[in-house]
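Since the structure comes first, as structure tokens, the remarks are kept for the end.
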Amino acid sequence: MPHALFAQVQPPVISYNPVSSVFSLNVPIAPLMPINGGGPVPAAIYGQVTIVAGSSLGFANGVGTIAKFNKPIDITFDKSSGVFYVADNGNQAIRRMTAGGVVSTYAGGSLGYADGSGLTAKFNNLASIGTDVLGNVWVSENGNQLIRKIDLVSTVSTVAGTQGMTGTIDGTGTGAKFSSPGGLVFDAAGILYECDYGGGLIRSINTTTGEVKTFAGNALSATTDGVGTAASFYSPRDLAFDKQGNLFVADVNGNTIRKIDMTTFQVTTVNTGAYPYSIAIGASGNIYISDRVDNVIKELSPSGRITVLAGSSNLTGFADGVGSAALFNNPYGITLDDQSNLYVADYGNNLIRKINLSGYTIDKALPTGLSFDKKTGIISGTPTTVWPLTAYIITGYNTGGSNETVINLEVNSPSSITFNPIPAKTICDVDFDPGATSIQPITYTSSNTAVATIASNKIHITGPGTSIITADNGGTPVTQVLTVTAPVVPYVTITAEITTAVCAGRILGFTAAATNAGNNPTYQWKVNGTNSGTNSVAYYSSTLSNNDVITCTVTNNDYCIAVASPPSNPLTVQINPLVTVSVNISATASTVYEGTPITFTATPQNAPSIISYQWYINTTVAGTSSSTFTSSKLIDGDVITCTIVSGGCAVDSIVTSNAISVTIKPNITIVVPNTFTPNGDGINDLWNISQLVGFPNSIVNVYNRYGALVYHSIGYAKSWNGMSNNSALPVGTYYYVIDPKNDRQKIVKGWVSILR
């Protein structure tokens with residue numbers, strides 16, 4: 001099965017303005033258009049299902065519906081070539097398909113077991129298919145109980161398993177046994193992972209040696225979370241990695257999606273209830289699930305919400321369309337291409353289908369008469385039914401991910417009145433608008449003129465108590481209760497304008513925020529309970545001592561009597577002493593060959609905070625404001641220093657580091673031995689390349705004849721001993737690439753032989 005694909009396009013960031021709208025019945029609305037502050041959303045219909053290739057059951061190559069399949073069970077996308085490979089189970093063949101639907105036979109085509117080139121190979125009950133970064137195709141077979149590889153020239157070879165024998169034995173090559181091997185997936189490092197449907201195991205496969213190891217699961221059929229082999233699965237059928245490197249498992253008979261943390265091997269249950277045959281993970285983090293029992297493709301969001309993306313639950317058949325209008329017949333394997341389209345091996349219909357994953361979606365029906373354009377996200381139309389205030393989740397999708405936003409819509413009749421509760425008032429509150437809204441003009445009346453009267457369509461308070469305020473527009477009146485209370489005691493809180501901690505001798509500022517303070521408040525600041533400052537919302541002082549406590553009170557002078565607040569929250573100040581700052585610089589090397597980069601690192605001491613760095617070569621400004629500086633253009637005798645500007649309580653805010661003088665040697669030729677004999681006799685056991693000592697940033701890579709990386713180092717402080725992954729490599733010739741990482745030194749390539 002396929003691994004997840006993560007595009008580099010920026011996800012959309014969508015919003016609507018306004019976020020809440022009240023529409024009038026039978027009045028056309030001004031279209032609501034999404035505002036996108038991220039990557040563009042393609043003009044496509046999310047969840048639209050179409051045929052890519054296939055028609056009736058058969059075995060035929062061709063374009064689109066000319067091609068024929070026989071129970072296609074899995075599909076994978078090869079990022080290296082941009083084509084798809086299909087495990088055509090009924091035909092025992094591996095088919096190759098372009099994005100345009102051009103289908104050809106890649107390998108196999110008859111039942112049995114045979115390695116060989118292209119159509120001479122034979123397969124028995126194909127289960128899953130995947131590709132590595134080089135474009136090799138990997139296949140699992142239930143009939144032969146094998147893992148097999150198809151190289152770039154269509155040559156099929158057996159990598160692991162014992163032909164025709166079932167088991168759960170770890171081992172190398174034919175020493176390993178599988179029990180109905182299922183999904184295949186590669187991680188970012190190129191390691192192949194496989195799930196045993198019959199054995200309940202998750203296993204890794206060394207694609208070079210064929211070594212098989214079990215790292216999760218056991219022989220117990222259960223849904224048990226745990227670490228590694230302490231966890232149990234029922235029938236794991238497919239695997240997929242997310243962009244964080246977690247491995248997800250489709251446990252088909254356990255009706256669960258499981259997650260394996262590949263650092264700790266902790267297995268947890270993510271979702272229950274689906275019947276997941278195959279899974280794929282998109283750039284948005286959504287997990288797509290083929291549920292062949294319900295005949296649908298489901299979508300599991302990172303928040304755990306599961307919805308049907310396409311298909312109609314429990315309905316079997318064939319129909320292209322959008323969402324539930326589409327029909328499937330036993331959808332099996334799924335994969336994602338690099339444009340975030342989802343491809344489905346529609347097993348029962350003998351088709352390859354595509355589901356578009358770009359565009360806009362809305363989570364529920366709009367008010368009658370309004371429409372949602374899935375290509376543009378625009379809401380338009382004329383509402384024909386009164387509709388309550390409803391929140392809608394709108395999601396935009398592109399190849400980089402997705403983004404949700406919420407808008408609120410309501411439809412009112414022209415004669416309806418919206419009249420929210422009136423907040424409690426005091427006897428001295430000024431005249432105010434009661435706040436009722438309607439398409440028609442509104443008039444107000446008060447049931448108790450001793451509490452309130454109406455003046456210029458505003459409420460004028462006359463005394464404490466309650467009164468019924470009626471809003472009338474000639475239709476159905478709406479009422480609210482007005483409660484008038486005695487004066488309210490004000491309340492005040494204080495905050496530091498910047499911080500409560502400053503350096504000795506600097507100014508601290510505080511601001512008061514008052515509630516119910518009226519229009520002419522009086523402020524009194526206190527330091528340790530003693531009056532200080534002036535009548536102001538702000539207080540400043542440069543003479544405070546460490547641990548002084550600042551408070552404030554506010555008095556409302558708008559009433560007939562002054563009403564004072566209780567003391568505010570206290571703020572305790574911290575006065576920090578001044579410190580002496582210094583900076584030291586170090587270098588990755590002080591003696592190198594011409595063109596080799598040297599990185600210098602500045603390490604401040606006692607610096608409360610760093611505002612900027614400035615590097616100098618001799619006395620010339622160099623580098624950027626960074627704690628590191630790298631250059632490959634230094635000349636012999638250059639002197640490097642760094643000046644920092646620090647914040648906080650520094651005695652001197654600008655200080656200069658120690659100086660480092662560099663020695664730059666003329667370049668030399670890198671001489672690479674073409675053989676070595678790592679046999680432990682102490683003679684020529686290591687691949688010694690002495691000149692690399694002067695190239696500390698060099699990169700050394702060695703590949704086997706299949707193009708697999710067997711050795712990698714940055715720098716060459718320790719010579720290679722012919723080992724790879726703690727195992728001795730076989731005698732043979734290997735290809736090396738040495739990049740000195742020196743802009744004056746060429747990359748060195750060639751062959752080296754291991755002899756013993």
Side-chain angles (χ1 to χ4, degrees), residues 132-134 136 138 147 149 151-152 155 157-161 169-176 186-193 203-215 588-589 591-593 596-597 665 667-742 745-756:
D132 61 23
V133 294
L134 298 178
N136 298 303
W138 296 78
I147 304 299
K149 173 186 173 183
D151 66 15
L152 301 183
T155 301
S157 59
T158 299
V159 176
I169 299 174
D170 288 348
T172 300
T174 58
F186 285 87
D187 68 7
I191 298 174
L192 178 60
Y193 295 89
R203 310 170 84 176
S204 65
I205 302 173
N206 186 312
T207 57
T208 301
T209 65
E211 183 180 11
V212 179
K213 293 182 180 179
T214 298
F215 66 91
T588 54
T591 300
V592 297
Y593 290 108
T596 299
K665 297 180 177 181
N667 278 325
I668 61 172
T669 300
I670 298 175
V671 179
V672 183
N674 59 11
T675 60
F676 68 110
T677 57
N679 53 16
D681 63 358
I683 301 173
N684 200 29
D685 282 337
L686 301 175
W687 191 37
N688 290 313
I689 310 173
S690 59
Q691 293 83 2
L692 291 185
V693 172
F695 301 95
N697 302 318
S698 61
I699 296 177
V700 181
N701 289 326
V702 182
Y703 305 86
N704 66 15
R705 61 177 178 169
Y706 302 107
L709 184 69
V710 298
Y711 175 77
H712 169 77
S713 74
I714 298 176
Y716 200 64
K718 184 177 180 181
S719 298
W720 182 36
N721 61 0
M723 303 287 283
S724 179
N725 293 327
N726 298 319
S727 298
L729 289 170
V731 170
T733 300
Y734 297 82
Y735 185 72
Y736 64 81
V737 178
I738 300 173
D739 185 351
K741 289 300 179 182
N742 181 304
Q745 196 80 18
K746 294 183 178 179
I747 294 175
V748 182
K749 303 178 181 178
W751 300 90
V752 60
S753 296
I754 295 179
L755 306 176
R756 287 193 172 87

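When a residue number appears, it is its place in the shown sequence, counting from 1.
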Flag the pair Thr677 / Ile683 as yes when at least one side-chain heavy-atom distance between them is below 4.5 Å, and no otherwise.
no
N/O donor to acceptor pairs below 3.5 angstrom from side-chain atoms of residues 748-756, sequence neighbours left out:
unit_1, atom_1, unit_2, atom_2, d
Ser753, OG, Thr733, OG1, 3.2
Arg756, NE, Pro678, O, 3.4
Arg756, NH1, Leu729, O, 2.7
Arg756, NH2, Leu729, O, 3.3

Determine whether Ile714 and Asn697 make a side-chain contact, defined as any pair of heavy atoms from C-beta on separated by less than 4.5 Å.
no
Could you go through the side-chain contact (heavy atoms from CB on, under 4.5 Å) check for Asp685 and Asn721 one step at a time?
CA-CA 6 Å; Asp685 282 337; Asn721 61 0; over 6 Å; no
Would you call Thr208 and Tyr706 a side-chain contact if the rule is heavy atoms closer than 4.5 Å?
no
Could you give the distance from OG (Ser204) to CZ (Phe215), rounded to the nearest 0.5 Å?
6.5 Å
To the nearest 0.5 Å, what is the distance between CG (Asn704) and OG (Ser724)?
8.5 Å
Sub-4.5 Å side-chain heavy-atom contact between Asp151 and Ser157
no
Without swapping roles, check the side chain of Asn725 against the backbone of Ser727 for a donor-acceptor pair under 3.5 Å.
no
Residues forming a salt bridge (Lys or Arg N to Asp or Glu O under 4.0 Å) with Lys741, sequence neighbours excluded
Asp739
Contact between Thr588 and Pro696 at the side-chain level, heavy atoms closer than 4.5 Å - yes or no?
no
Name the one of Asn667, Ile689, Ile738 that satisfies side chain to side chain contact (heavy atoms under 4.5 Å, CB included) with Phe695?
Asn667
Between Leu686 and Phe676, is the side-chain contact (heavy atoms from CB on, under 4.5 Å) condition met? List the steps.
CA-CA 6 Å; Leu686 301 175; Phe676 68 110; 5.6 Å; no
Sidechain-backbone polar pair: Glu211 side chain, Asp170 backbone, donor-acceptor under 3.5 Å
no
Would Tyr711 and Trp687 count as a close aromatic pair, with their ring centres under 6.0 Å?
no
Candidates Val159, Leu192, Thr158 - the one meeting side chain to side chain contact (heavy atoms under 4.5 Å, CB included) with Lys149:
Val159
Quick check: do Trp720 and Val700 have side-chain heavy atoms less than 4.5 Å from each other?
no
